[in-house]
Every structure is written in structure tokens, then in C-alpha cells.
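Report on one structure; see the data block that follows.
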Amino acid sequence: MSKPIFDLEDGDFIFSTSGNLGFDSDGNMMMRMSDNMAMDMDSGDIHFTSSWDNDEDD
């Protein structure tokens with residue numbers, strides 16, 4: 001399991017379920033847009049995050 005990603009917008013954590021998808025601690029689905037950006041799939045809001053590396057390259 002990968003380390004949690006810190007969501008700088010909400011102050012909570014995102015837990016990656018696969019390379020580009022994860023859920024935050026409130027249960028919202030998040031999609032990785034880049035290493036430091038994710039989109040809330042419910043609201044469409046963009047969130048800046050700590051580094052979210054794509055583990056599918058391993």
C-alpha cells in the first residue's frame with residue numbers, strides 16, 4: 001500500500017486505490033491529474049496535493 005497523499009485544499013488525506021484513483025478521508029473519490037493535483041469527482045473541484053506518484057510505472 002502506498003503512503004497517503006496530503007490534500008492541501010482540505011487539510012485531509014487521500015488514500016490511493018489504484019494508480020490514478022483514490023478516496024479522501026471524507027469518502028470523496030479523487031482522480032490524480034498530475035503529481036501535485038487531483039480532481040474531486042463529485043464536485044469537479046481541483047485540489048493541490050503533496051506528491052502523488054504514479055505507481056503503475058513500477
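Predicted model, so just to flag it, every value in this text is computed and none were measured. For the single chain, residues carry numbers from 1 onward in sequence order.
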Distance col, row Ile14:CD1 vs Lys3:NZ, nearest 0.5 angstrom, shows 13.0 Å
Would you give the length of the straight line joining atom OG of Ser34 to atom CE of Met39, rounded to the nearest 0.5 angstrom?
11.0 Å
Among residues at least two apart in sequence or on other chains, which ones pass ring-ring contact (aromatic ring centres under 6.0 Å, His included) with Phe6?
Phe13
Take Ile5 and Met30 through the side-chain contact (heavy atoms from CB on, under 4.5 Å) test and state the conclusion after the steps.
CA-CA 11 Å; Ile5 299 104; Met30 305 294 281; over 6 Å; no
Looking at CH2 of Trp52 and NE2 of His47, how far apart are the two atoms once the value is rounded to the nearest 0.5 Å?
11.0 Å
Measure the CG-OG distance between Asn36 and Ser50 for me, rounded to the nearest 0.5 Å.
7.5 Å
Set of salt bridge (charged side-chain N to carboxylate O under 4.0 Å, His left out) partners for Asp26, sequence neighbours left out:
none
Going from CG on Asp40 to CD on Glu9, what distance comes out if it is rounded to the nearest 0.5 angstrom?
11.0 Å
Quick one: does Met37's side chain get under 4.5 Å of Phe48's, heavy atoms only?
yes
Let me confirm one number: the CG-CG distance from Asp24 to Asp42, rounded to the nearest 0.5 Å.
9.0 Å
